[in-house]
There are 4 protein chains.
Amino acid sequence: MGQRKTTAANRERILQISSQLVRERGIEHTTLADIADAAGISKGTLYYYYPTKGDLVFDIAERHMTNMTERIFSRLESSRAGQSPRTVFRLVLDTVMRSRSRGEIHVYLLQEAMTQNPSLRKRFIQEYRNWRRIIEEGLARVLGNGGEYRVMAQVLLATLDGLILQRLVGVDSVPMDGIARFFESAGTPSPVS
Amino acid sequence: MGQRKTTAANRERILQISSQLVRERGIEHTTLADIADAAGISKGTLYYYYPTKGDLVFDIAERHMTNMTERIFSRLESSRAGQSPRTVFRLVLDTVMRSRSRGEIHVYLLQEAMTQNPSLRKRFIQEYRNWRRIIEEGLARVLGNGGEYRVMAQVLLATLDGLILQRLVGVDSVPMDGIARFFESAGTPSPVS
Amino acid sequence: MGQRKTTAANRERILQISSQLVRERGIEHTTLADIADAAGISKGTLYYYYPTKGDLVFDIAERHMTNMTERIFSRLESSRAGQSPRTVFRLVLDTVMRSRSRGEIHVYLLQEAMTQNPSLRKRFIQEYRNWRRIIEEGLARVLGNGGEYRVMAQVLLATLDGLILQRLVGVDSVPMDGIARFFESAGTPSPVS
Amino acid sequence: MGQRKTTAANRERILQISSQLVRERGIEHTTLADIADAAGISKGTLYYYYPTKGDLVFDIAERHMTNMTERIFSRLESSRAGQSPRTVFRLVLDTVMRSRSRGEIHVYLLQEAMTQNPSLRKRFIQEYRNWRRIIEEGLARVLGNGGEYRVMAQVLLATLDGLILQRLVGVDSVPMDGIARFFESAGTPSPVS
DNA sequence: GATGAATGAGTTTTCATTCAT
DNA sequence: AATGAATGAAAACTCATTCAT
């Protein structure tokens with residue numbers, strides 16, 4: 001059982017370090033030798049824990065998604081009916097955009113999912129559905145059940161991905177607050193004149 | 001053995017074929033050997049036209065951007081003040097989203113820009129600015145000059161990139177029309193009470 | 001398939017074999033494939049030991065210099081005050097000129113240093129300084145401390161390089177003994193009148 | 001006959017320009033494309049004048065040798081019996097060492113001769129014999145016919161080649177004047193005590 | 001569990017040379 | 001005389017993966 005613990009701890013360590021490297025260089029430019037080096041283990045040992053680069057990437061993705069899901073969920077959870085819509089939107093936007101590294105890895109993993117890794121792809125499809133649901137329900141709870149928030153959740157999610165992508169390339173962006181206000185203006189239908 | 005044909009025509013041919021391949025496999029998985037094969041020329045000849053893979057990719061990107069710009073511009077140009085906002089948003093959304101292949105190459109090129117190719121990166125930043133301006137001016141023309149469309153243009157562009165990315169991964173999406181309606185609802189600012 | 005043997009031994013083997021090949025063909029005409037073949041390993045394995053051709057060449061040079069330095073040093077060491085100057089000069093000349101292969105590699109490495117490899121260049125500059133010092137001190141010890149042997153050491157070193165170069169091209173040369181006598185005649189300064 | 005002239009002029013131009021490039025980069029790193037570009041002609045045209053890179057190099061070498069020979073000869077010619085030996089040595093040393101570019105090309109060509117080009121090799125052997133004779137005769141004329149200057153000429157030539165080589169690598173050198181004095185001390189036998 | 005030596009298939013790049021026009 | 005498009009053979013380098021110990 002001592003071994004078990006070690007194994008888990010090692011896996012964790014490898015995951016941590018390789019996530020870091022992928023964030024910095026992208027998946028294609030992170031070699032297994034890099035990872036083994038950074039982790040202070042041999043390539044052979046790396047193969048003991050992960051039989052394939054793809055498997056390792058899958059685990060990195062898994063962890064990334066879990067993180068994101070938890071984060072989004074807990075943020076929306078903590079926001080209640082009383083809050084102003086704009087505050088809620090800012091919350092979601094900030095949660096996702098705050099960490100540059102989170103965005104980097106997200107995009108790299110999406111890329112990998114679309115070109116290489118069918119199982120990763122399936123996983124992402126599933127998780128996006130999940131995210132949309134969480135956001136949709138969160139919006140309903142805060143902004144009131146009357147509205148239809150399906151489209152809004154989708155647009156919000158797409159905007160986030162787009163902004164991340166653009167930020168990684170270096171495209172200059174409008175301040176997050178302006179974007180929050182934009183969603184607010186769409187979310188609260190104009191009082192009919 | 002001296003096939004003739006103008007350089008321009010051959011370049012064009014190489015560009016066409018390699019764009020195609022990049023669309024199908026991504027940049028990293030399109031080798032120069034693949035391109036030469038598909039074009040029916042030798043690797044040496046490919047070198048004659050493009051001394052580096054990076055140069056070729058840059059040209060592919062250049063052409064892609066020009067295409068996109070023209071397309072967006074001409075679509076917005078043809079829409080006039082009388083049109084309903086929703087129609088205008090659909091127009092822009094459809095212009096960009098219509099072709100799956102266009103989306104694929106766009107994302108691959110962005111990836112390349114962010115990890116590998118600084119000059120490509122600069123080019124993209126410049127072109128995004130351009131796109132935003134075109135869209136902003138188009139919206140102002142159609143929806144009326146009173147509004148501030150900077151944020152909306154940014155969100156629209158980000159949404160488009162996000163939707164492309166998600167579609168490539170296979171994430172299921174709300175119908176385009178719903179999204180157009182969403183932008184419409186935000187675009188017609190509530191009359192100040 | 002896991003041949004074992006220590007890294008050091010393999011490195012040694014690769015070094016030996018590649019030195020040999022470089023001697024025969026020069027650096028530019030010795031390919032990594034040649035070396036791998038001759039060593040009975042794959043190109044990939046070669047890469048395992050030397051990640052770059054430059055690194056390998058540097059090591060070859062390093063070893064060559066060490067050899068030369070040791071040789072010159074020990075020869076001069078063994079000559080004592082009693083010996084005739086001419087014998088001492090012959091000693092140095094012979095030490096360097098004896099092996100044709102040593103000369104070949106020396107010249108190839110110098111060429112590499114001057115056109116390609118800045119770190120190799122630095123190394124050579126350093127080692128030449130070293131050689132000059134060794135020779136200078138050796139001459140002082142044998143010929144008497146009164147003289148100034150800086151220039152003589154420089155000329156001796158230059159003559160050696162020139163003779164090596166010329167021999168490799170096939171230029172016909174005066175016998176070494178004549179050259180030793182020449183240095184002797186310059187080395188025993190005319191007694192001040 | 002107009003053509004003839006043009007042909008000769010073009011050859012000359014190519015020779016001039018390619019010498020320049022070889023000086024700057026060495027032979028291996030000067031491509032025919034480089035030369036054609038610099039000469040403002042096409043690669044095809046280059047082949048019209050020189051059927052092979054080797055032929056071109058041979059001509060470059062030929063011209064270089066002729067230059068050197070003329071230079072050495074005329075310098076020695078102009079020095080007469082009255083001059084001090086040291087002045088004569090400085091003359092020869094300076095003639096060869098003065099131009100860095102001359103030294104560069106000399107070494108590159110020697111290298112080429114020894115590894116690649118047997119006809120170039122023969123040419124160099126012949127020319128070295130020539131240089132030695134010129135120098136030998138010059139020394140005899142100036143320093144007096146009594147001495148045997150065969151060895152001295154050889155050492156002088158070797159020293160020059162060695163100094164050039166070392167200078168190209170960046171090895172620091174004693175001032176030329178010291179070297180001239182060294183040869184003087186050997187050339188004028190010490191008055192027997 | 002761990003290692004590191006070994007590999008092979010592939011990737012970009014280089015460049016002297018050819019030849020139809 | 002001149003061109004430039006085309007080529008092929010080879011070069012260095014990359015890296016995920018295997019496996020005996």
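Please read all numbers here as calculations on a predicted model, not as lab measurements. Atoms considered below: every heavy atom in the structure, side chains included; atoms not considered: hydrogens, waters and symmetry mates. In what follows, every chain begins at residue 1, and chains take the letters A, B, ... in the order their sequences are listed.
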Contact list for DNA chain E against residues 16-24 of chain C - heavy-atom distance below 4.0 Å |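 Result for residues 16-24 of chain C: none.
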Contact residues, residues 47-58 of chain A to DNA chain E [heavy atom, < 4.0 Å] |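 Contacting residues: A/Y48, A/Y49.
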Partner set under side chain to side chain donor-acceptor pair (under 3.5 Å) for [X], not counting sequence neighbours:
| X | answer |
| --- | --- |
| B/E12 | B/R63 |
| A/S119 | A/N117 |
| D/Y50 | D/D59 |

Hey, which sits more toward the 5' end of DNA chain E by its nearest nucleotide, A/G40 or C/S42?
->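 The residue whose closest nucleotide sits nearer the 5' end is A/G40.
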Send over the distance from [X] [atom1] to [N] [atom2], rounded to a whole Å.
| X | N | atom1 | atom2 | answer |
| --- | --- | --- | --- | --- |
| B/D37 | F/dG8 | CG | P | 12 Å |
| C/I35 | F/dA11 | CD1 | P | 11 Å |
| C/I41 | E/dG4 | CD1 | P | 19 Å |
| B/Q116 | E/dT12 | CD | P | 12 Å |
| B/L46 | E/dC15 | CG | C1' | 15 Å |

Rounded to the nearest 0.5 Å, how far apart are OG of B/S19 and CG of B/N67?
->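 The OG atom of B/S19 sits 9.0 Å away from the CG atom of B/N67.
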Any side-chain N or O of [X] below 4.0 angstrom from OP1/OP2 of [N]?
| X | N | value |
| --- | --- | --- |
| A/N10 | E/dA2 | yes |
| C/T45 | E/dA6 | no |
| A/T7 | E/dG1 | yes |

Name every residue in residues 27-34 of chain D that has at least one heavy atom under 4.0 Å from any atom of DNA chain F, in order of residue number, or write none if there are no such residues.
->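 Those residues: none at all.
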With a 3.5 Å cut-off and no angle check, do the side chains of A/H29 and B/Q116 form a donor-acceptor pair?
->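 B/Q116 and A/H29 do have a side-chain donor-acceptor pair below 3.5 Å.
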Taking salt bridge (charged side-chain N to carboxylate O under 4.0 Å, His left out) as the test, write out the residues that go with [X], two or more places apart.
| X | result |
| --- | --- |
| A/D34 | A/R25 |
| D/R11 | none |
| D/R100 | D/E104 |
| D/R123 | D/E62, D/E127 |

Looking only at N and O atoms, is any donor in the side chain of A/K43 or the base of E/dT3 less than 3.5 Å from an acceptor on the other one?
->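 For A/K43, whose side chain was compared with the base of E/dT3, there is no donor-acceptor pair (under 3.5 Å).
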Sub-4.5 Å side-chain heavy-atom contact between D/F124 and D/H106 |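 They are in contact (side-chain heavy atoms under 4.5 Å apart), so the answer is yes.
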Can you tell if the side chain of B/Y108 reaches within under 4.5 Å of the side chain of B/H64, non-hydrogen atoms only?
->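 No - every pair of side-chain heavy atoms lies 4.5 Å or more apart.
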Are the side chain of A/K53 and the backbone N or O of A/I27 linked by a donor-acceptor pair below 3.5 Å?
->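 Yes.
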N/O donor-acceptor pair under 3.5 Å between C/R121 side chain and D/L168 backbone |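 Yes, C/R121 side chain to D/L168 backbone: donor-acceptor pair under 3.5 Å.
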Secondary-structure notation, DNA chain E, from Watson-Crick and G-U pairs under 3.5 angstrom (| other strand) = .||||||||||||||||||||
Could I get the full list of side chain to side chain contact (heavy atoms under 4.5 Å, CB included) partners for C/P51, not counting sequence neighbours?
->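 C/P51 satisfies side chain to side chain contact (heavy atoms under 4.5 Å, CB included) with C/Y47, C/D55 only.
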